Enquirer: 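If you scroll down you'll find the structure; I have some questions about it.
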Amino acid sequence: MRIALGSDHGGFLLKEEIKKYLEKKGIEYKDFGTNSTDSCDYPDIALPAAQAVASGQFDRGILICGTGIGIGIAANKVPGIRAALCHDTFSARASREHNNANILTMGERVIGRGLALDIVDVWLNTEFAGGRHQRRVEKIHQIENK
Ligand code: RB5
């Protein structure tokens, strides 16, 4: 699995922790920035990372900002992206099983490192359930064409 990873300054430190986790697990990733805690604009990170997932270049993405909200809103503007903000493992699992979320977003200012890494673990290891959920996901993408 190849992961597109990114954050703004508000999520930089958590992104670095996630990098260490992915390396430990032997999971391939590309870091789309940012590269420090200097202030930057989360849409500038979200767009290339989300496009890389939507194009199929990467299987999934993980995007971090202060809250996980702004970077997720921006990512969801890219057709084909289903970015889910998850701050608990139940939502992380459901976002994969039910919504086939292809980007996980989290807020560094909201949760701690331990929970964040558990969420990443659950999210990366849960498959889409398909069935009735497939129909619903397709209906989401029909909205993109309206
Ligand atoms: C940056 O201060 C902060 O607004 C950003 O990281 C994010 O939380 C926005 O949704």
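Along the sequence shown, residues are numbered consecutively beginning with 1. Start at 1 and go down the list; that is how both ligands and their atoms are numbered. All figures in this text were calculated on a predicted structure; none of them were measured in a lab.
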Enquirer: Are the side chain of His87 and the backbone N or O of Gly107 linked by a donor-acceptor pair below 3.5 Å?
Expert: yes

Enquirer: Would you confirm whether Asp8, through its side chain, and Cys40, through its main-chain N or O, come within 3.5 Å as a donor-acceptor pair?
Expert: no

Enquirer: Could you tell me, atom by atom, which parts of ligand 1 come under 4.0 Å of a heavy atom of His9?
Expert: 1 (C), 2 (O)

Enquirer: Any carboxylate oxygen within less than 4.0 angstrom of a Lys/Arg side-chain nitrogen, looking at Lys20 and Glu23?
Expert: no

Enquirer: Is a side-chain donor or acceptor of Arg82 paired with a backbone partner of Val137 at a separation under 3.5 angstrom?
Expert: no

Enquirer: To the nearest 0.1 Å, how far is atom 9 (C) of ligand 1 from its closest protein heavy atom, and which atom is that?
Expert: Tyr42 CE2, 3.4 Å

Enquirer: For ligand 1, which atoms have a heavy atom of Arg109 less than 4.0 angstrom away?
Expert: 1 (C), 2 (O), 3 (C)

Enquirer: Go through ligand 1 atom by atom and flag the ones less than 4.0 Å from a non-hydrogen atom of Gly66.
Expert: 5 (C), 6 (O), 7 (C), 8 (O)

Enquirer: Taking Arg93 for its side chain and Trp123 for its backbone only, find out whether a donor-acceptor pair lies under 3.5 Å.
Expert: no

Enquirer: Quick test: of every protein heavy atom, which one is nearest to atom 8 (O) of ligand 1, and how far off is it to 0.1 Å?
Expert: Thr67 N, 2.9 Å

Enquirer: Does any N or O in the side chain of Asp88 come within less than 3.5 Å of the main-chain N or O of Phe90, such that one atom is a donor and the other an acceptor?
Expert: yes

Enquirer: Decide whether an N or O pair under 3.5 Å exists between Gly70 and ligand 1.
Expert: yes

Enquirer: Please verify whether a non-hydrogen atom of Glu108 lies at under 4.0 Å from ligand 1.
Expert: no

Enquirer: Is the contact between Asp8 and ligand 1 made by the side chain, the backbone, both, or neither, using heavy atoms and a 4.0 Å cut-off?
Expert: side chain

Enquirer: Given Ile3, which of Asp31, Ile103, Val120, Ile62 fulfils the side chain to side chain contact (heavy atoms under 4.5 Å, CB included) condition?
Expert: Ile62

Enquirer: Is there a protein heavy atom at a distance of less than 4.0 Å from atom 6 (O) of ligand 1?
Expert: yes

